[in-house]
There are 2 protein chains.
Amino acid sequence: MTRVLVVDDEPQILRALRINLKARRYDVEVAGDGAAALRLAASHRPDIVVLDLGLPDMDGVQVIRGLRGWTNVPIIVLSGRAGSQDKVAALDAGADDYVTKPFGVDELLARVRAVTRRAAGAGEEVPAVEIGRHTVDLGAHAVRTGDGAEVRLTPTEWHLLEILVRHPGRLVSQRQLLHDVWGPQYQSETNYLRQYMAQLRRKLEDDPARPRHLLTEPGMGYRFQP
Amino acid sequence: MTRVLVVDDEPQILRALRINLKARRYDVEVAGDGAAALRLAASHRPDIVVLDLGLPDMDGVQVIRGLRGWTNVPIIVLSGRAGSQDKVAALDAGADDYVTKPFGVDELLARVRAVTRRAAGAGEEVPAVEIGRHTVDLGAHAVRTGDGAEVRLTPTEWHLLEILVRHPGRLVSQRQLLHDVWGPQYQSETNYLRQYMAQLRRKLEDDPARPRHLLTEPGMGYRFQP
DNA sequence: TCCGATCGTCAAGATCACGTCAAGAAGAGG
DNA sequence: CCTCTTCTTGACGTGATCTTGACGATCGGA
């Protein structure tokens, strides 16, 4: 869930934003002044900050600088001042967007979506598993052996291996493998499986005749054993 | 140098922005309508787009969608309409910022800096990589050989190379390459890929017949090996 | 012990994908 | 208007990959 930190000194704005954001399934924290904002940002690590420039204890631009010192969380600035100087100062201090009061809640939510969309690019987990002396990197679509050499797999081999590796330890039936790799009308051509499982073992297992990770479950299917 | 594409149908705004941006050392392209904007964006690959919603030939939101189909270049929208509906529509279509006319040039420039700063932060840890005797400098959009000579790449060649280099070691599927370089409707024209990969190898690989960095994964895609 | 089912292996032809060459079309610049 | 670059499109030979069939080996049950 996306965490939003709202910083404003007007209780009614705080309340309105909290209600609207919660209704959109955001996780909302609120702060009434700059000091609390910096403290909460450090402790709760929000995914986005909505910041009013008119705070009682410190200048809003100082808050932006305080945040930018250690994070580049997206910051949307609210302000009653429409002056060009203020906008330039806030944006150059590190803000990502600037909205002048009074503003529509719909607009603010749209801007929240816009900046989170852009910031969402990072953060993908890529699994990698070991088979004997080889490392299967699903994200990079590559198999490397211990000394860095590449093992080349054909598209069908990859497809088959990927299904097995994505269900580690689980038995995958022949029907499902055939259906997923070759299509719905190939559910009884088990010789395809025999053919390609043998090729995978030749390329990946230390002793292809005695597989330790790509196992056969007679009569049922195959299993990848990590 | 940061390339900016300015799209507006009012010549005086075009002129004012061109002068101001060039003074700030931006590389400026201009377009007077949506069709020209989409064409120029495809051929010149700007780093940021400034887009007026009131275009003579098509709705501005359509232009945003047309761009978002194949690129996520930052888009700053200009508009005379201050209505909340327009802002929400534009931002949700994929715009990154929304500025209402009349606007101050200083403010627009600050917003340009804000979005480019964020776009740069997203994926910029690989400014330069090595391919054989050549150095590919993504930031400078240039390829140099060891003795300082420059290698000229066409826009299409550069775009293709850039995608591969930005995913070092990763397999990039043919579909994704075709989609990102040529557009959504070219996802099966693999002969384009063969053509341009061959040209890149001729220009960059020491032995184009035996590529060591721009590798083919038969049936699946291509891979840049650092 | 025999028998049937299932699996691993080998070997072939058919098919597909890739690299390459080449030529026309479209666009940019002078 | 002309020239040069770049993009698009087609065709072909070659090699890798897929498909298909066949043959022992192994195992469990009759």
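Below, chain A is the first sequence line, B the second, and so on; all start at residue 1. Worth saying up front: this structure is predicted, and the values here are computed from it rather than measured. These numbers come from the heavy atoms of this one structure, side chains and all, not from hydrogens, waters or symmetry mates.
OP1 or OP2 of D:dT8 has at least one side-chain nitrogen or oxygen of B:Trp182 nearer than 4.0 Å. An OP1 or OP2 oxygen of D:dC18 is reached within less than 4.0 angstrom by a side-chain nitrogen or oxygen of A:Tyr196. A sub-4.0 Å separation between OP1 or OP2 of C:dT6 and a side-chain N or O of A:Thr216 is absent. A sub-4.0 Å separation between OP1 or OP2 of C:dG8 and a side-chain N or O of A:Tyr222 is present. The side chain of B:Thr190 contributes no N or O atom lying less than 4.0 Å from OP1 or OP2 of C:dA17.
Here D:dT6 is the nucleotide among D:dT17, D:dT6, C:dC10 with the atom lying nearest to any side-chain atom of B:Arg152. The A:Ala198 side chain lies nearest to C:dT9 when the options are D:dC18, C:dT20, C:dT9. The side chain of B:Pro155 lies closest to D:dT6 when the candidates are D:dT6, D:dT19, D:dC18.
Contact check for B:Tyr98 versus A:Val99: no side-chain heavy atoms found under the 4.5 Å cut-off.
In this entry the distance linking CG of A:Leu153 with C1' of D:dA16 reads 14 Å, nearest Å. Rounded to whole angstrom, the span from the CG atom of A:Leu214 across to the C1' atom of C:dG8 amounts to 14 Å. Rounded to whole Å, atom C1' of D:dT5 lies 11 Å from atom CD of B:Gln199. Summarising the geometry, the separation between CZ on B:Arg194 and C1' on D:dG15 is reported as 14 Å, rounded to the nearest angstrom. The CG atom of A:Leu193 sits 16 Å away from the C1' atom of C:dA5 (whole-angstrom rounding). Here D:dT6 presents its P atom at 15 Å from CG of B:Leu161, a figure rounded to the nearest Å. Between the NE2 atom of B:His159 and the P atom of D:dC7 there is a distance of 12 Å, rounded to whole Å. If you take CD of B:Glu29 and P of C:dG27, they are 16 Å apart, rounded to a whole angstrom.
Within a 6.0 Å sphere centred on CZ of B:Arg175, heavy atoms belonging to other residues, nucleotides or ligands number 12 at most. Around atom CZ of A:Arg223, more than 12 heavy atoms belonging to other residues, nucleotides or ligands sit under 6.0 Å away. Remark: B:Gln85 CD is loosely packed, at most 12 non-hydrogen atoms of other residues, nucleotides or ligands lying under 6.0 Å away.
Between the two ends of the helix from C:dT1-D:dA30 to C:dG30-D:dC1, each summarised by a five-pair axis, the helix axis turns through 30° (rounded to 10 degrees).
Mapping A:Pro218 and B:Gly221 onto DNA chain C via the closest heavy atom, the residue that lands nearer the 5' end is A:Pro218. Between A:Glu157 and B:Thr156, the residue anchored nearer the 5' end of DNA chain D, judged by the nucleotide with its closest heavy atom, is B:Thr156. Map B:Gln195 and B:Glu217 each onto its nearest nucleotide of DNA chain C; the residue landing nearer the 5' end is B:Glu217.
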So A:Val115 and A:Ile75, side chain to side chain contact (heavy atoms under 4.5 Å, CB included) or not? Walk me through it. CA-CA 8 Å; A:Val115 299; A:Ile75 300 175; over 6 Å; no
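Residue B:Ile76 forms a side chain to side chain contact (heavy atoms under 4.5 Å, CB included) with just one option from B:Val49, B:Thr116, B:Ile48, and that option is B:Ile48. The side chain to side chain contact (heavy atoms under 4.5 Å, CB included) test with B:Met197 is passed by exactly one of B:Leu160, B:Thr216, B:Leu177: B:Leu160. Here the rule is side chain to side chain contact (heavy atoms under 4.5 Å, CB included) with B:Leu78, and of B:Thr100, B:Val7, B:Asp8 only B:Asp8 fits it.
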